[in-house]
Number of protein chains: 2
Amino acid sequence: MTDVASPSRSAGRTANALREALEDDIAVGLYPPGTRLDEVSLARRFSVSRTPIREALIELSASGLVEIRPRRGAFVREIGIPRLIEMFEVMAELEAMCARLAARRMDATECATLLDAHARCSAAARAGDPDAYYIANEAFHDAIYEGSGNGFLAEQARELKNRLKPYRRLQLRVRNRVGNSLAEHQALVDAIQSGDADAAAHVLRSHILIQGERFNDFVASLAAAEKTRRARG
Amino acid sequence: MTDVASPSRSAGRTANALREALEDDIAVGLYPPGTRLDEVSLARRFSVSRTPIREALIELSASGLVEIRPRRGAFVREIGIPRLIEMFEVMAELEAMCARLAARRMDATECATLLDAHARCSAAARAGDPDAYYIANEAFHDAIYEGSGNGFLAEQARELKNRLKPYRRLQLRVRNRVGNSLAEHQALVDAIQSGDADAAAHVLRSHILIQGERFNDFVASLAAAEKTRRARG
DNA sequence: TCAACGCTTTTTGTATACAATTGACGATCC
DNA sequence: GGATCGTCAATTGTATACAAAAAGCGTTGA
């Protein structure tokens with residue numbers, strides 16, 4: 001019985017807290033793609049009735065993390081390889097757009113935030129702490145989203161990133177990605193600080209698309225994971 | 001008592017049909033931005049209970065067309081000018097991306113669809129039929145979304161366009177926008193047919209951003225409309 | 001032995017009942 | 001006369017009850 005005490009904002013709406021809790025559970029891998037989300041089980045688990053559970057599932061369905069098949073239940077959405085590639089393609093473009101705008105519009109405070117995140121990335125990389133790097137990396141990208149000065153764009157980028165989260169975990173384990181990633185971050189910081197919008201866009205697009213070229217590894221590992229999962233289930 | 005008989009897909013889910021109905025009503029202006037959407041009134045209007053109404057409102061809230069303020073009700077989202085500008089900025093980039101990909105990937109069938117839509121645009125423009133132009137224009141842009149070969153991108157583009165619909169109506173009335181629009185369409189078709197991805201992206205980005213430069217007119221008319229609305233209400 | 005049919009059980013979808021909070025109206029006090 | 005507090009009505013949020021559809025299961029027939 002997990003108590004959903006996360007106050008977050010918007011009290012008086014259990015469904016919101018539930019949505020966030022389920023989002024995390026899905027991102028973390030507690031509910032892997034394909035898992036059926038039973039309403040009564042979830043209701044028991046969170047000690048609420050089916051109503052707010054249903055509402056949370058509908059929200060998740062709208063955000064694309066969950067698929068509701070009418071009269072058949074809610075499932076953690078299984079995103080196939082082709083669609084994942086499509087999503088990364090869009091993600092790269094959104095991030096590139098953020099970078100371009102950030103190079104033009106970022107103010108000193110936002111730039112300081114970016115540099116701080118970059119420093120934390122470096123530290124985590126030196127320490128060889130992948131979890132810390134994951135956190136700092138997220139802060140770094142968030143700083144660029146915010147730095148775009150386009151709040152709507154930032155929202156879109158964050159939302160898409162969220163949808164990709166369940167699959168991203170598998171991805172960052174490959175090779176010595178961290179080292180290259182850090183170098184790309186540095187190039188991006190340089191481009192932004194020198195106000196070179198096109199360079200910033202190019203660097204960040206590549207930063208994402210390189211992940212796409214290293215995607216073969218990713219695809220392979222994902223396909224393998226899928227195979228073992230199917231074998232188990 | 002409006003009967004929500006729109007079967008669409010996903011029968012056994014009244015909420016979906018309700019969402020589409022409300023989407024249309026909002027897009028058409030039946031519920032202008034800021035309108036309060038009372039659950040019991042809607043339930044009466046569609047002859048259902050509050051439950052599916054609530055679910056539809058939650059979906060609309062997730063898509064951004066409606067804002068749910070906890071314990072205070074659902075309102076048609078009022079999008080301020082700054083945010084509208086942000087959204088158009090993103091829209092332009094998404095469409096540019098579609099165009100770039102379409103120039104590379106579009107096959108003969110998709111190209112035929114595009115040309116057909118273009119022809120219908122021309123016909124509507126010659127006939128001076130703005131409604132027909134609106135329809136054909138939508139088909140034209142849809143053809144480019146689909147032509148990108150990136151289904152996810154196409155979805156994102158359509159969804160954002162949907163969110164902008166309530167505000168777009170006001171916009172297309174300005175000047176002889178139709179003539180210029182048509183010329184830009186032609187340039188885009190040429191770029192796509194010659195496979196010039198950069199040109200296609202540039203043309204379509206401009207096509208949207210020109211609407212942004214003519215945005216002053218739009219802003220003015222919207223501010224005026226808002227003023228009269230406030231005066232009435 | 002396998003397949004198809006029908007029943008039962010489980011689960012979703014919808015309606016209704018209840019609780020709790022909000023907003024408004026009115027009365028009272030300064 | 002104005003402002004503030006209290007009470008009441010109205011509306012949302014949650015729980016439960018009921019209906020209908022789907023899936024699982026066993027039985028029966030070929």
Side-chain angles (χ1 to χ4, degrees), chain A residues 1-23 26 31 34-63 65-78 230 233, chain B residues 1-22 26 31 34-63 65-78 233:
Chain A
M1 191 194 313
T2 310
D3 223 32
V4 56
S6 148
S8 120
R9 55 187 163 73
S10 65
R13 265 189 85 61
T14 311
N16 269 28
L18 288 172
R19 179 181 54 74
E20 287 178 21
L22 290 173
E23 249 173 22
I26 291 171
Y31 298 123
T35 306
R36 175 197 172 81
L37 298 172
D38 182 53
E39 293 180 3
V40 296
S41 310
L42 290 173
R44 265 202 309 270
R45 179 181 157 205
F46 289 105
S47 309
V48 295
S49 81
R50 278 175 54 217
T51 309
I53 294 286
R54 274 182 71 83
E55 296 189 352
L57 289 175
I58 288 167
E59 287 181 39
L60 288 170
S61 158
S63 83
L65 227 68
V66 156
E67 185 183 355
I68 293 180
R69 298 205 272 272
R71 291 265 179 213
R72 320 190 104 185
F75 300 81
V76 180
R77 181 147 185 185
E78 280 190 284
R230 293 246 164 110
Chain B
M1 192 194 312
T2 310
D3 223 32
V4 56
S6 149
S8 126
R9 55 184 163 73
S10 66
R13 265 189 85 60
T14 311
N16 270 27
L18 288 173
R19 178 182 54 73
E20 287 177 22
L22 290 173
I26 291 172
Y31 298 123
T35 306
R36 176 197 173 81
L37 297 173
D38 182 51
E39 295 181 1
V40 296
S41 309
L42 290 173
R44 266 202 308 270
R45 178 180 157 205
F46 289 105
S47 308
V48 293
S49 82
R50 277 176 54 218
T51 309
I53 294 285
R54 273 182 72 82
E55 296 188 352
L57 289 175
I58 288 167
E59 287 182 39
L60 289 170
S61 158
S63 84
L65 228 69
V66 156
E67 185 182 356
I68 293 180
R69 296 205 272 272
R71 293 260 178 217
R72 320 190 102 186
F75 300 81
V76 180
R77 180 147 184 185
E78 281 189 282

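To find a chain, count down the sequence lines: A is the first, B the second, and so on, and within it residues start at 1.
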| query | side chain to side chain contact (heavy atoms under 4.5 Å, CB included) with B/Ala15: which residues, sequence neighbours excluded? | reply |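 For B/Ala15 the side chain to side chain contact (heavy atoms under 4.5 Å, CB included) partners, ignoring immediate neighbours, are B/Arg13, B/Glu55, B/Glu59.
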| request: Enter the distance from B/Arg44:CZ to B/Asp38:CG here, rounded to the nearest 0.5 Å. | output: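 Here the interatomic distance stands at 7.5 Å.
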| request: Give, for atom CG of A/Leu65 and atom CZ of A/Arg19, the distance between the pair rounded to the nearest 0.5 Å. | output: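 Interatomic distance, A/Leu65 CG to A/Arg19 CZ, rounded to 0.5 Å: 10.0 Å.
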| request: Considering non-hydrogen atoms only, spot the tightest contact between A/Thr14 and A/Pro52 and give its length. | output: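 In terms of heavy atoms, the two residues are closest at CB-CB, 4.2 Å.
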| said: Looking at C/dG13, I'd like to know if its phosphate oxygens (OP1 or OP2) sit under 4.0 Å from a side-chain N or O belonging to B/Arg13. | reply: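 For C/dG13, OP1/OP2 do have a side-chain N/O of B/Arg13 under 4.0 Å.
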| query | Considering heavy-atom distances to DNA chain D, does A/Arg50 or B/Ala74 have its closest nucleotide positioned more toward the 5' end? | reply |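 It is B/Ala74, whose closest nucleotide lies nearer the 5' terminus.
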| task | For side-chain contact (heavy atoms from CB on, under 4.5 Å), just list the numbers for B/Leu22 and B/Val66, CA-CA rounded to whole Å, side-chain angles, deciding distance to a tenth of an Å, and then say yes or no. | result | CA-CA 10 Å; B/Leu22 290 173; B/Val66 156; over 6 Å; no
| said: From CD of A/Glu39 over to P of C/dG13, roughly how many Å is that when rounded to an integer? | reply: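 Answer to the nearest Å: 6 Å.
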| request: Could you tell me the separation between the CZ atom of A/Arg36 and the C1' atom of C/dT11, rounded to a whole number of Å? | output: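 About 7 Å, once rounded to whole Å.
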| Tell me, do B/Val40 and B/Arg50 make a side-chain contact under 4.5 Å, heavy atoms counted? |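 Counting from C-beta outward, B/Val40 and B/Arg50 do come under 4.5 Å.
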| field | Within residues 67-76 of chain A or reaching into it, pairs that qualify as side chain to side chain donor-acceptor pair (under 3.5 Å) - sequence neighbours excluded | value |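 Listed once each, the pairs would be none.
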Polar atoms only, N or O, under 3.5 Å: list the protein pairs with nucleotides 21-25 of chain C and their distances.
unit_1	atom_1	unit_2	atom_2	d
C/dG23	OP1	B/Arg72	NE	2.6
C/dG23	OP1	B/Arg72	NH2	2.3
C/dG23	OP2	B/Arg72	NH2	3.0

| Which nucleotide of DNA chain D is the first, and which the last, in the 5' to 3' direction, to come under 4.0 Å of a heavy atom belonging to chain A? |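 Range of nucleotides touched by chain A: D/dG13 to D/dA23.
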| Residues that A/Arg36 engages under salt bridge (charged side-chain N to carboxylate O under 4.0 Å, His left out), provided they are two or more places apart |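 If we apply the salt bridge (charged side-chain N to carboxylate O under 4.0 Å, His left out) test to A/Arg36, skipping adjacent residues, there are no hits.
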